[in-house]
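Labels below follow one simple rule: chain letters A, B, ... track the order of the sequence lines, proteins then strands, and each chain is numbered from 1.
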2 protein chains.
Amino acid sequence: MNTESHLRMTRQRQVILEELRRTCSHPGADEIYARVRRRLPRISLGTIYRNLEVLSATGEIQKIETGGSLKRFDGNISPHYHIRCLRCHKVVDAPVEVLPDIERLLDGKTDFTITGHRIEFLGLCPKCQAKAEAESRYLTEM
Amino acid sequence: MNTESHLRMTRQRQVILEELRRTCSHPGADEIYARVRRRLPRISLGTIYRNLEVLSATGEIQKIETGGSLKRFDGNISPHYHIRCLRCHKVVDAPVEVLPDIERLLDGKTDFTITGHRIEFLGLCPKCQAKAEAESRYLTEM
DNA sequence: ATCCATGCAAAGCCTTTGCACCCGA
DNA sequence: TCGGGTGCAAAGGCTTTGCATGGAT
């Protein structure tokens, strides 16, 4: 994070990074904890949080500040958008090209210095969609 | 929220709604609490949270699930985007038209049922921009 | 040897919830 | 009246932090 950082690549940090790159499920700290613990049973949750912070500060992973209260992390640092299920809060990558020019829409219209943007599509994942339909059928029958 | 809801407009709910519509600062529950308390000193934080939930469920206000851990609320329910300061977490409305067609980019490309989207521009507000410049000057001088 | 990182546990922040009483429709 | 709403306080979920010890460079 600093100009001259003296970060160490500890085993814990290494494994967290590996596990994060090995999944595409955009896990929260708790899930990362569970995964990493299979390989490093003595690791602590605090270490998970501290490293997620460090790794996202150095740009090795991406912090997805999505809607829900849970912070999620992504081992894929290439710019991309997400789709979030409004019901189960699952997050998947959006199969859409990024829109680099979108930030120009703000040119001369704000006194903020714009450095980036995020797009999140909202909807229902297939499973939740099915559940929602079942429920509405149930309601109409009554 | 339900098909047949029997919601009451209590004084508390009324005042929360009014205060939310009177500001454009996208306040969190704590700030709303402070504002409302000036008019209803005996109101409880729990009531604030419960009503923010009810009001956003009925669509009378908007819950802004922005990056930070704090949930923010917006009395302006017309669709619009936001700009968030990465440093002080302030949120302002983005002076940009909404892009209704953007969701079509996903047509046939996902098995999610898309119902909406959010765009959040990220950057630095003028104040934080100034601070950041001062800091970088300080660092280069060394 | 240095000093960043870890494990553990306590504390913190924001939010939700149980319960008895209250009040709007 | 009566079922939703309120105040209060306790509990909850997730995250951060203090401290002594450990380990990467």
Problem set entry | R35(B) (side chain) donor-acceptor with T23(B) (main chain) under 3.5 angstrom |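 Answer holds: no.
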
Exercise. Checking R72(B) side chain against I64(B) main chain: does a donor-acceptor pair fall under 3.5 Å?
Worked result: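 The answer is no, because no donor-acceptor pair under 3.5 Å joins these two groups.
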
Seminar exercise, completed: Rounded to 10°, the angle between the first-five-pair and last-five-pair axes of the helix from dA1(C)-dT25(D) to dA25(C)-dT1(D) is 40°

For [N] and [X] - does any side-chain N or O of the residue sit under 4.0 Å from the phosphate oxygens OP1/OP2?
X	N	answer
T47(A)	dA5(C)	no
K71(B)	dC14(D)	no
S44(B)	dT6(D)	no

Could you give the [atom1]-to-[atom2] distance, from [X] to [N], as a whole number of Å?
X	N	atom1	atom2	answer
R42(A)	dG22(D)	CZ	P	11 Å
L70(A)	dG12(D)	CG	C1'	15 Å
L40(A)	dC8(C)	CG	P	12 Å
K63(B)	dT15(C)	NZ	P	10 Å
N51(B)	dT15(C)	CG	C1'	15 Å
L45(A)	dA5(C)	CG	P	18 Å
I48(A)	dT17(D)	CD1	C1'	16 Å
Y49(B)	dG13(D)	OH	C1'	13 Å

Exercise. What closest approach, in Å, do R118(B) and E65(B) show between heavy atoms, and which atom pair accounts for it?
Worked result: NH2-O, 3.1 Å

Problem set entry | Nearest heavy-atom neighbours spanning C85(A) and L124(A) |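 Where C85(A) meets L124(A) most closely, the heavy atoms are SG-CA, 4.0 Å.
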
For this session: Using only heavy-atom distances, determine whether the side chains of Q129(B) and T113(A) contain a donor-acceptor pair under 3.5 Å.
Result: yes

For this session: Quick one, give me the B/S/- string for nucleotides 18-25 of chain C, reading 5' to 3', where B means a protein heavy atom under 4.0 Å from the base and S means that only happens at the primed atoms, P, OP1 or OP2.
Result: B----BBS

For this session: Pick base, sugar-phosphate or nothing for D30(B), based on heavy-atom distances below 4.0 Å to the nucleic acid.
Result: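 D30(B): no heavy atom of the nucleic acid under 4.0 Å.
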
For this session: Between V54(A) and E53(B), name the one whose nearest nucleotide on DNA chain C is closer to the 5' end.
Result: V54(A)

Exercise. Which class fits the ring pair Y81(B) and F121(B): parallel under 30°, tilted 30 to 60°, perpendicular over 60°?
Worked result: perpendicular

For this session: Among L55(A), L52(A), T47(A), find the residue that satisfies the side chain to side chain contact (heavy atoms under 4.5 Å, CB included) test when tested with R13(A).
Result: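 The option that passes is L55(A).
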
Exercise. Around R11(A), counting heavy atoms of other residues, nucleotides and ligands shown, do more than 12 lie under 6.0 Å from its CZ?
Worked result: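 At most 12 heavy atoms, drawn from other residues, nucleotides or ligands, come within 6.0 Å of this atom.
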
For this session: State whether R22(B) and E19(B) are salt-bridged, where the test is any N-O pair (Lys NZ or Arg NE/NH1/NH2 against Asp/Glu carboxylate O) under 4.0 Å.
Result: yes

